[in-house]
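Written below as structure tokens is the structure these notes are about.
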Protein chains: 2
Amino acid sequence: MSRAKTPEAGGRGEPRGHADKRRAILEAAFRTFARDGYGQSCVREIADEAAVAKPTIYNRLGDKETLFREAMKAAVEHTADRSLSALEPLRTPGDDMRPALEETGLRLLRSHVCQESQALRRLLSAEAPRFPELLEEIQRVGAQRVQDALADRLARLALAKRLETTDVERASEQFLALLTGPMELRSALGTRPVADEELRSVAEAAVDTFLLAYGPRDPG
Amino acid sequence: MSRAKTPEAGGRGEPRGHADKRRAILEAAFRTFARDGYGQSCVREIADEAAVAKPTIYNRLGDKETLFREAMKAAVEHTADRSLSALEPLRTPGDDMRPALEETGLRLLRSHVCQESQALRRLLSAEAPRFPELLEEIQRVGAQRVQDALADRLARLALAKRLETTDVERASEQFLALLTGPMELRSALGTRPVADEELRSVAEAAVDTFLLAYGPRDPG
DNA sequence: CGTACCTTGAACCGGCCGGTTCAAATATTT
DNA sequence: AAATATTTGAACCGGCCGGTTCAAGGTACG
């Protein structure tokens with residue numbers, strides 16, 4: 001008899017749970033920041049977009065800066081999980097490495113060019129000088145974690161003689177570079193959607209090069 | 001009429017030439033935008049930084065938006081030239097391709113991580129959704145031009161059987177990706193300076209991989 | 001010297017924004 | 001249902017900002 005909420009949606013405003021409301025605010029904040037930029041966003045608009053009163057925001061999340069920080073932290077968890085799950089195929093590669101690498105590459109690219117992820121990088125890049133700790137944290141739980149996890153996968157593959165490298169950190173870094181590097185121009189810095197077919201082509205090219213550099217040497 | 005105040009024959013180091021002043025404003029604007037972001041910058045501060053009165057800015061450059069556009073366009077010319085000149089070593093490679101590629105890679109990286117270039121990319125990325133034409137123009141005269149020029153160089157090398165590829169666009173794209181991709185994390189999105197030794201190491205790794213993928217096949 | 005153009009500083013304007021206050025309305029707990 | 005906590009809308013405040021105006025100097029040039 002405590003957590004009983006969610007009465008039928010009447011004609012009036014629907015009541016949301018506390019956690020729900022906080023999430024709604026953070027999502028609205030992220031959308032607004034992503035659309036207008038941090039400096040050009042105003043709290044009133046965020047409140048409107050979250051269907052919430054302005055004082056509510058200040059009550060629950062303090063000032064605009066912490067609102068920004070929290071919205072960014074919430075967004076990165078979303079996207080990082082998706083990137084990590086993209087590494088799954090590397091856990092069970094077939095007799096040929098290529099399909100697993102291509103599948104992983106394609107899924108990494110999809111996660112990389114999705115709306116939310118692009119906006120996150122844009123905002124982070126824009127405000128990085130003003131929020132250095134935020135940058136540090138987001139890179140740690142985002143890109144760095146993915147790169148480390150990929151290095152782990154590659155290490156197991158190298159151990160099983162499926163790859164040829166002594167420096168899995170480097171291999172991981174370069175695999176990601178081959179994937180995401182080309183997207184900067186192709187996606188116009190994240191402002192233009194990229195067709196899945198194009199992603200697949202970039203992933204294939206990346207895997208080609210990666211395998212030529214790190215693929216198993218044919219025994220002579 | 002008599003539109004003759006600062007004839008093109010200027011260039012005197014007088015108190016301040018008219019053309020000089022415009023440049024001073026644009027440079028001050030770029031510094032300020034880079035430091036505070038577009039939305040958080042105010043014209044008054046730009047005027048102070050340029051040692052110029054506020055109305056002078058509005059007289060000569062219109063409103064804040066065009067000021068931003070002009071400052072960005074001026075900055076990209078600066079940096080793109082430097083990147084293009086980095087391709088020079090590829091014009092006269094020795095008997096081994098590696099040194100020329102490494103020198104080019106290192107110089108590209110130096111240009112890529114320099115203060116001005118990083119700030120330019122940060123600002124462009126931040127405001128890309130609000131200034132789509134600016135994004136288009138800067139990418140055209142910036143990154144795209146470098147990638148095309150590099151593809152030209154690679155084409156000549158491939159023709160001379162110094163490289164093995166049928167798709168120089170792809171090779172160019174991947175070479176640049178191998179160079180700049182790793183810098184995102186290492187330079188903390190352009191907010192942290194990177195030691196020259198680290199640049200050299202990244203360039204070497206990039207060339208290693210590039211040559212394994214595109215290097216001349218050993219005959220026999 | 002005179003004139004015609006700029007630049008300068010300062011003041012000004014309208015407007016928006018971050019953040020707070022407050023009383024009324026709503027939701028939640030007991 | 002009474003009591004308590006929260007939300008809401010609206011108004012408010014101080015302040016800054018983009019952009020303009022204006023009078024008082026420069027400065028170049030005939």
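Just so it is clear: chains get the letters A, B, ... in the order the sequence lines come, proteins before strands, and each one is counted from 1.
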Hey, can you tell me if Tyr38(B) and Phe131(B) have their rings parallel, tilted or perpendicular (30° and 60° cut-offs)?
perpendicular
Between dT20(C) (P) and Lys64(A) (NZ): distance, integer Å:
14 Å
Roughly how many Å is it from OH in Tyr58(B) to C1' in dG18(D), rounded to a whole number?
4 Å
Whole angstroms only, please: what is the CG-C1' distance between Asn59(B) and dG19(D)?
11 Å
Check whether more than 12 heavy atoms from other residues, nucleotides or ligands sit under 6.0 Å from atom CD of Glu88(B), and answer yes or no.
yes
Please check the phosphate of dT7(C) (OP1 and OP2 only) for any side-chain N or O of Arg60(B) closer than 4.0 Å.
yes
Partner of Lys73(B) by side-chain contact (heavy atoms from CB on, under 4.5 Å), out of Leu26(B), Leu134(B), Val141(B)
Leu134(B)
Check: Lys54(B) side chain, dG19(D) base, donor-acceptor under 3.5 Å:
yes
Lys21(A) side-chain N/O to dT26(C) phosphate OP1/OP2 under 4.0 Å:
no
Between dT7(C) (C1') and Arg22(B) (CZ): distance, integer Å:
17 Å
Rounded to whole Å, how long is the line connecting atom CD of Gln40(B) with atom P of dC16(C)?
19 Å
In whole Å, I'd like the distance from the CG atom of Leu61(B) to the P atom of dT20(D).
13 Å
Phosphate-side-chain proximity, Thr56(A) and dT7(D), N/O vs OP1/OP2 below 4.0 Å:
no
Rounded to the nearest angstrom, tell me the gap between atom CG in Asp20(B) and atom P in dC6(C).
17 Å
For the pair made of CD in Glu45(A) and P in dC17(C), what is the distance, rounded to whole Å?
8 Å
Quick check on DNA chain D: between Arg44(B) and Pro55(A), whose nearest nucleotide comes earlier from the 5' end?
Pro55(A)
Within this structure, what is the CZ-CD1 distance for the pair Arg60(A) and Ile25(A), rounded to the nearest 0.5 Å?
6.0 Å
